[in-house]
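Okay, structure first, notes after.
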Amino acid sequence: MNERVLVTGGTGYIGSHTVVELINSGCETVVVDNLSNSRIEVLDGISSITGTRPAFDKVDVCDLDRLRECCRKHQGIKAVVHFAAFKAVGESVEKPLEYYRNNLISLMNLLLVMREFEIPGLVFSSSCTVYGQPDRLPVTEESLIKPAASPYGNTKQICEEIIRDTIAASPAMKAISLRYFNPVGAHPSAVIGELPSGTPLNLVPYITQTAIGLREHLRVFGNDYDTPDGSGIRDYINVVDLARAHVKAIERLLENRCRQPYEVFNLGTGKGSSVFEIIRTFEEATGERLNWKLYPRRPGDIACVYADASLANRELGWKADTPLDETLRSAWNWEKNIRRTMKR
């Protein structure tokens, strides 16, 4: 696959791993990011892994004029992978307007520019949060879309509706929404990984920062859910496995293999793990012991969700198969490496 692909939010956590896999597949990759929750040094990591430094423009996708300028500069873009968004459930409850503004305007700007520059394919970074608390598990793509449990989840629901309507009105365009479950881990090289700004809002980086001594203790939010051990259950997917699914989706779009102009796929392992299981697996995989304390549930969190990813397995020819202990070890190796690097 030798095409030019634009990646918004491409220096972020999932974005950077996807850029690596796109480059490895032969794509010429253009990265745009406003660096609000990432570091420019990520490009060095991508270059170290692939031997290629992607083109980079510092652009906020909410700035329509700057986005147009970028597409004018990099003519010939055939597809876009759209990651640029705010993404924390709890924070979205506290800052709903910021989430609606950023996540909706950025997508609408992107779709306008895609239409203007005749870019035919979009892969959208969606989320299992669109399902809310499902009635049945595992979750399939046919599961009922319930009222969102958080503003973040609602932005993903609305974004999918915007894409569906835009594609219906634009015969030259196709799109695939990838509904992620919980991405974790880091590249095996340990030169790129998850590095949140400020206090981590996701479980695994909070675990690794606690293990390395940056946090006094790990916060466990709730032990009274209706689950076997009382803690929340999620489907934790290796970030490199996840990144490779985006390459499969781009190939499907560019090779005109889509069965419908707009398609949706769940990306997960098909297995749920509780917070306490993740803690135990991390300790066993790394030999580190974690200090944790119990806190009340967070607003917007649900008890249990995990994927039926059989449609993606079948249609995309993709499967998440990295073991959980290996994934958590990769997160720990990344944490140790980035702290060494930042001390220099």
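Numbers here simply count residues along the sequence, with the first being 1.
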Task: Flag if over 12 foreign heavy atoms under 6.0 Å of NZ, K336 - done: yes
TODO: Can you sort out the partners of R4 under side-chain hydrogen bond (donor to acceptor under 3.5 Å, both in side chains), two or more places apart, ordered by chain and number?
DONE: E28
Open item on the list: If you count heavy atoms of other groups shown closer than 6.0 angstrom to CZ of R136, is the number above 12?
Closed with: no
- [ ] Would you mind listing every ring-ring contact (aromatic ring centres under 6.0 Å, His included) that reaches into residues 17-38, with sequence neighbours excluded?
- [x] Y13-H17
Open item on the list: Please tell me whether E91 and Y99 have a donor and an acceptor in their side chains that are separated by less than 3.5 angstrom.
Closed with: yes
Open item on the list: Listing request: all salt bridge (charged side-chain N to carboxylate O under 4.0 Å, His left out) pairs with a residue in residues 214-232, at least two apart in sequence or in separate chains.
Closed with: D224-R297
Open item on the list: Would you say that T50 contacts N24 through its side chain, given a criterion of any heavy-atom pair below 4.5 Å between the two side chains?
Closed with: yes
Cut-off 3.5 Å, no hydrogens considered: what does the side-chain donor-acceptor table look like for residues 55-62, sequence neighbours left out?
from : atom 1 : to  : atom 2 : distance (Å)
D57  : OD1    : K73 : NZ     : 3.0
D57  : OD2    : H74 : NE2    : 3.3
D60  : OD1    : C62 : N      : 2.9

Open item on the list: Whether the Y152 and N103 side chains hold a donor-acceptor pair (N or O, under 3.5 Å, no angle test) is what I'd like checked.
Closed with: no
- [ ] Verify whether one side chain among S177 and S126 offers a donor that lies under 3.5 Å from an acceptor in the other.
- [x] no
If you look only at distance, which donor and acceptor atoms sit under 3.5 Å apart when one is on a side chain in residues 311-319 and the other is two or more places apart or in another chain?
from : atom 1 : to   : atom 2 : distance (Å)
N313 : ND2    : A309 : O      : 3.2
N313 : ND2    : W318 : O      : 2.8
E315 : OE1    : R252 : NH1    : 3.4
E315 : OE1    : R252 : NH2    : 3.0
E315 : OE1    : R259 : NE     : 2.9
E315 : OE2    : R259 : NE     : 3.1
E315 : OE2    : R259 : NH2    : 3.2
W318 : NE1    : D241 : O      : 2.7

Task: Pairs involving residues 240-268, ordered by first then second residue, that meet ring-ring contact (aromatic ring centres under 6.0 Å, His included) (sequence neighbours left out) - done: F83-H246, Y180-H246
Open item on the list: Suppose we call two aromatic rings close when their centres sit under 6.0 Å apart. Are F276 and W292 close by that rule?
Closed with: yes
